[in-house]
Amino acid sequence: MHSRTTGKPVDWIFHDDAFSKYPWHIEPEASLDQLYDARARQLREKYDYVVLSYSGGSDTHNILESFIRQGLHIDEIVTNHMTTATQATTVLDTRVKDSWNFAAEHQLQAVPRLQYIRDRLPLTRITELDVSDVVINSMRTTFNDVDWVLGRNDHLSIGQLFRYNYFHFGEIKKRLDRDLNVVIIVGIDKPKCHIDPEGNFWMTFLDGIANITTINDFNLDYTNTHTEMFYWSQDSMPMLCKQAHVIKRWLEINTKYQAGWQGLNIARSRMLQERLLRSLLYNTTWDNNWFQANKSTSFWQTEFDTWFHARPDLAREQQLWHQGLTHLENILGEYVIRNDKGQPSGLKPFLKPYLIGQMKSVV
C-alpha cells in the first residue's frame, strides 16, 4: 500500500548483507548430515528452552533426527492439527496424496512418528494441539468487515491465517512465561532452485515461503521467545550451499529431470521438486513409504481449505473471506496475482536469487 502511495518500488530484505557475501559457487566439504548437526548444536547452545514445531513431514523430521543422533535434548515438541474441523473431508488412505487431504498427515504420519519420539526421547514434552476451535473462533471474531485482511501477512488461506497461534493455549503460555531464552524451530525450507536459459543454476529465496509459518504474528507478549528457521538462516549458509550443490550435481547426472527445474516455477517446485528432494536431501532420515500429501500450489485459493468451503455453518465467514480478498485486490492492484481461474491467489512474490554455478550438462 505504501509503495502505491509513494510510487516507490518494494524491496524485500532477507539476510542480504550475509547472503550477498557468501561464496555460493564453492561446495562445502562437510556432508549434509554434518551440516544439519552443526545447526542443531548451534541452536541447542544458543537457547535455554528448545521447542520444535513438528509436522511429521520431511523437513521437521530431519531436524528431529539431527538432535536425536547427537544426543541433544529437545525440551518440547509441538504438533498442531485440525482433525475436528477437517474430519468430514479427510480420507485416511495413504494412496490419497492430493493436497486437499493434507489433514490426513496427522493420523497417517505424525501420530506414528510421535510414538517413535516418545520411545527415543522420553524426557521431551510432547504437545498435540487440535487447533480447530482456535481457527474457527478466530474467524468469527476477526471477520467483522473487509478490513480484516489489513491485519495479516501475505498468507490469507484459512489454515495459514490462524493455525500457528500457539499463544492461545494457556499451558504453553505458562511454560513461556519464565526467565528463559526460548526458541521455536520451524522447518523452512528446502532450496528453491532453477536452471536459467543460459544453463546457470540458481538458488532463490522467496518472501511468501519465508512468511509461511505465522507464529510470530501471534507473539505479542513474549520478548524471550524467538522463531528460527532451521534451514533458511544466515547461520545455515554452508548447509544451504551444500544442498544446492547436491541438487545441481544430481541433475547433471539425472538429466531427464532437468525439465522440472527449467525456469523458476513455484507450482512446479511445490509438486514435482518437493517429492524428489525429500529423499535426495534427507536420504538418511526420510522414508518415501511414509505419507505426506502434495503441497498446495496457491497461497490464498489453496486446496488445504476444502473443509472450510464445505461448511454451510461458516457461510458468513466464507463471504467475508472472499470480500476481504477482493478488497485487498482493489487496494493493491498489480501486487495481487490471479490463478488460472481468474481468482486472486496471492501477492506478487519478491525474490533473492544467488548463483550456484554453470550446469556441466544441460538437455
Side-chain angles (χ1 to χ4, degrees), residues 1 4 55 79-92 98-107 128-170 172-173 208 211-221 293-348:
M1 290 168 64
R4 298 194 86 206
S55 66
T79 183
N80 73 64
H81 59 98
M82 297 177 60
T83 299
T84 302
T86 60
Q87 58 187 350
T89 56
T90 299
V91 179
L92 296 179
D98 303 86
S99 53
W100 57 262
N101 200 34
F102 80 100
E105 289 181 358
H106 180 67
Q107 289 296 329
E128 294 183 66
L129 304 175
D130 187 333
V131 297
S132 299
D133 289 343
V134 175
V135 169
I136 292 172
N137 291 336
S138 295
M139 278 192 287
R140 287 173 171 159
T141 57
T142 301
F143 290 1
N144 295 315
D145 55 49
V146 294
D147 282 341
W148 71 264
V149 292
L150 304 182
R152 315 309 310 172
N153 80 359
D154 47 341
H155 286 271
L156 300 179
S157 71
I158 295 301
Q160 293 298 130
L161 272 172
F162 306 112
R163 71 173 292 176
Y164 291 101
N165 185 2
Y166 296 160
F167 302 90
H168 170 87
F169 296 91
I172 290 184
K173 293 171 73 172
N211 289 339
I212 204 166
T213 301
T214 54
I215 295 171
N216 280 338
D217 291 4
F218 302 100
N219 184 11
L220 305 178
D221 303 312
N294 294 329
K295 299 294 185 181
S296 174
T297 57
S298 170
F299 288 128
W300 295 354
Q301 308 287 346
T302 169
E303 303 90 336
F304 291 169
D305 289 346
T306 298
W307 68 273
F308 169 63
H309 299 293
R311 291 276 297 265
D313 60 314
L314 296 176
R316 170 187 169 275
E317 287 74 19
Q318 292 163 10
Q319 182 181 27
L320 281 169
W321 180 76
H322 283 291
Q323 289 174 348
L325 299 191
T326 301
H327 179 53
L328 196 61
E329 188 175 26
N330 291 336
I331 295 172
L332 296 184
E334 70 276 10
Y335 282 114
V336 173
I337 59 176
R338 290 175 168 269
N339 61 17
D340 55 7
K341 297 179 181 178
Q343 302 166 315
S345 62
L347 295 181
K348 172 186 174 182

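Predicted model only: the values in this text are computed from it and were never measured. All values below were derived from every heavy atom in this structure, side-chain atoms included, with hydrogens, water molecules and symmetry-related copies excluded.
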Quiz item: Would you say Gln301's side chain and Pro344's backbone share a donor-acceptor pair under 3.5 angstrom?
Solution: yes
Quiz item: From Phe308 CZ over to Met82 CE, what is the distance, rounded to the nearest 0.5 angstrom?
Solution: 10.0 Å
Practice problem: First locate atom CG of Leu92, then atom CD of Gln107, and finally report the distance between them rounded to the nearest 0.5 Å. | Solution: 6.5 Å
Quiz item: Going by atom types alone, do Ser296 and Glu303 pair a side-chain donor with an acceptor below 3.5 Å?
Solution: yes
Quiz item: Between Glu317 and Arg311, is there a side-chain N and carboxylate O pair less than 4.0 Å apart?
Solution: no
Quiz prompt | Derivation of the side chain to side chain contact (heavy atoms under 4.5 Å, CB included) call for Trp307 and Leu314 | solution = CA-CA 10 Å; Trp307 68 273; Leu314 296 176; 4.1 Å; yes
Exercise. State, yes or no, whether a side-chain contact exists between Thr86 and Trp100 at a heavy-atom distance under 4.5 Å.
Key: no
Self-check item: Set of residues satisfying side chain to side chain donor-acceptor pair (under 3.5 Å) with respect to Ser132, sequence neighbours excluded
Solution: Asp130
Practice problem: Check step by step if side chain to side chain contact (heavy atoms under 4.5 Å, CB included) holds for Glu105 and His81. | Solution: CA-CA 9 Å; Glu105 289 181 358; His81 59 98; over 6 Å; no
Self-check item: Among Asp305, Leu156, Val149, the one residue meeting side chain to side chain contact (heavy atoms under 4.5 Å, CB included) with Leu161
Solution: Leu156
Exercise. State, with a plain yes or no, whether a side-chain heavy atom of Thr90 is found less than 4.5 Å away from one of Phe102.
Key: no
Self-check item: Any residue meeting ring pair (Phe, Tyr, Trp, His ring centres under 6.0 Å) with Tyr164, in chain and number order, not counting sequence neighbours
Solution: none
Practice problem: Could you check if a side-chain atom of Met139 sits within less than 4.5 angstrom of a side-chain atom of Ile158, using non-hydrogen atoms only? | Solution: yes
Practice problem: List in chain and number order the residues that pass side chain to side chain donor-acceptor pair (under 3.5 Å) with Asn80, two or more places apart in sequence or in another chain; answer none if no residue qualifies. | Solution: Arg163, Tyr166
Practice problem: Could you please spell out the steps behind the side chain to side chain contact (heavy atoms under 4.5 Å, CB included) verdict for Leu129 and Thr79? | Solution: CA-CA 6 Å; Leu129 304 175; Thr79 183; over 6 Å; no
Quiz item: Are the side chains of Leu347 and Trp300 in touch, meaning some heavy atoms are under 4.5 Å apart?
Solution: yes
Quiz item: Distance from Lys295 atom NZ to Ile212 atom CD1, nearest 0.5 Å?
Solution: 7.5 Å
Quiz item: Using the ring of each side chain (for Trp, its six-membered ring), is His155 parallel, tilted or perpendicular to Phe299, with breaks at 30° and 60°?
Solution: perpendicular
Practice problem: Working to the nearest 0.5 Å, report the span between CG of Asp154 and CG of Leu328. | Solution: 10.0 Å
Exercise. Could you tell me which residues satisfy side chain to side chain donor-acceptor pair (under 3.5 Å) with Thr89, sequence neighbours excluded, listed by chain and number?
Key: none
Practice problem: First locate atom CG of Asn294, then atom CG of Asn101, and finally report the distance between them rounded to the nearest 0.5 Å. | Solution: 10.0 Å
Quiz prompt | side-chain hydrogen bond (donor to acceptor under 3.5 Å, both in side chains): pairs with one or both residues in residues 141-153, sequence neighbours excluded | solution = Asp147-His327
Quiz item: Quick one: are the ring centres of Trp321 and His309 less than 6.0 Å apart?
Solution: yes
Quiz item: Listed by chain and number, what are the side chain to side chain donor-acceptor pair (under 3.5 Å) partners of Ser345, not counting sequence neighbours?
Solution: none
Quiz item: Looking only at heavy atoms, which two atoms of Arg316 and Arg140 are closest? And how far apart?
Solution: NH1-O, 4.0 Å
